[in-house]
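Working notes, beginning with the structure itself.
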Amino acid sequence: MSARHSVSTALLRNVPLLSVLSEQELDLLSRVVARKTYPRGSQILGAGGPTDSLYILISGRIKVFMSDLDGREVILSILGPNEFFGEMGLIDNSPRSANVVTLEPCELICISKADFKRCLADNFEMAMTVMRGLVKRLRDADNLIGSLALLDVFGRVARLLLETAEVINGEKVVTKKLSKQDIARMIGASREMVSRVMKHLQTAGYIETRGDNIVIRENILLSD
Ligand code: CMP
């Protein structure tokens, strides 16, 4: 279930993907795009479903995942504000490649296929931003394939924490809430194994928990 709101050009101008558009284009777009809010746990896209729109996150986080009939999940990515999804099906006209569910209450902008294609055709910089996004996803997927084949669970957890961390006052800190179940689903391991590894990393001083945050020590990659 979602609620619909109107969209201002100021809101669109603040979205990096759209910031390259002219005032006139932003004005045109503001009349045709939809702004929607979703509660936590809402399914926005389903794998195999029809491809009719592009989505841009204004606030909140979503997970992109695949699941089997037994309900087992692999998380392909967790996306946050200003990131977009649903572009793959619009570009190659194939069904949705994955499921998308909100992890928190989310606010989204929804652009129809026709409007998205028109904007891309008229704006090389916007097309480049979409391509950069696709290249980043391919790089991340390559890294994940590499770590699944080459690293043990210690290495995979360490790599995921380092990739998720931001530098705050010279320290690497994971501020995004990641449950052990989420980590397990992102690195192809069991939740129990991830719990054991995290405990070991903490006891050995490679990571430190501070409130909701995890601080990572420089030597974590030597942890296995
Ligand atoms: P689409 O296939 O249209 O619908 C599902 C969307 O999930 C897809 O477009 C992408 O926007 C997004 N998606 C699929 N795979 C990944 C990935 N590996 N990393 C980040 N986002 C992805």
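By convention here, the first residue in the shown sequence is residue 1. Atoms considered below: every heavy atom in the structure, side chains included; atoms not considered: hydrogens, waters and symmetry mates. Just follow the structure's listing: the first ligand is 1, and inside any ligand the first atom is 1.
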Regarding E73 and N99, is there a side-chain donor-to-acceptor distance under 3.5 Å anywhere?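 No pair is found: no donor N or O on one side chain lies under 3.5 Å from an acceptor on the other.
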
Please determine, by modelled atom types, if T9 and E23 share a side-chain donor-acceptor pair under 3.5 angstrom.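 Absent: no donor and acceptor within the cut-off.
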
Taking only residues two or more places apart in sequence, or in another chain, which ones meet R96 in a side chain to side chain donor-acceptor pair (under 3.5 Å)? none

Qualifying residues under side chain to side chain donor-acceptor pair (under 3.5 Å), relative to E163, sequence neighbours excluded: R159

Could you tell me, for ligand 1, which of its N or O atoms are under 3.5 Å from any protein N or O, listing the pairs and their distances rounded to 0.1 Å?
residue: ligand 1; atom: 2 (O); partner: S97; partner atom: N; Å: 2.9
residue: ligand 1; atom: 2 (O); partner: S97; partner atom: OG; Å: 2.7
residue: ligand 1; atom: 3 (O); partner: G86; partner atom: O; Å: 3.4
residue: ligand 1; atom: 3 (O); partner: G89; partner atom: N; Å: 2.8
residue: ligand 1; atom: 3 (O); partner: R96; partner atom: NH1; Å: 2.7
residue: ligand 1; atom: 9 (O); partner: M88; partner atom: N; Å: 3.4
residue: ligand 1; atom: 11 (O); partner: G86; partner atom: N; Å: 2.7
residue: ligand 1; atom: 11 (O); partner: E87; partner atom: OE1; Å: 2.6
residue: ligand 1; atom: 11 (O); partner: E87; partner atom: OE2; Å: 3.4
residue: ligand 1; atom: 11 (O); partner: R137; partner atom: NH1; Å: 3.3

With D92, which residues qualify under side chain to side chain contact (heavy atoms under 4.5 Å, CB included), at least two apart?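 Result, side chain to side chain contact (heavy atoms under 4.5 Å, CB included) vs D92: S94.
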
Among I56, L54, I44, exactly one meets side-chain contact (heavy atoms from CB on, under 4.5 Å) together with F85. Which residue is that? I44

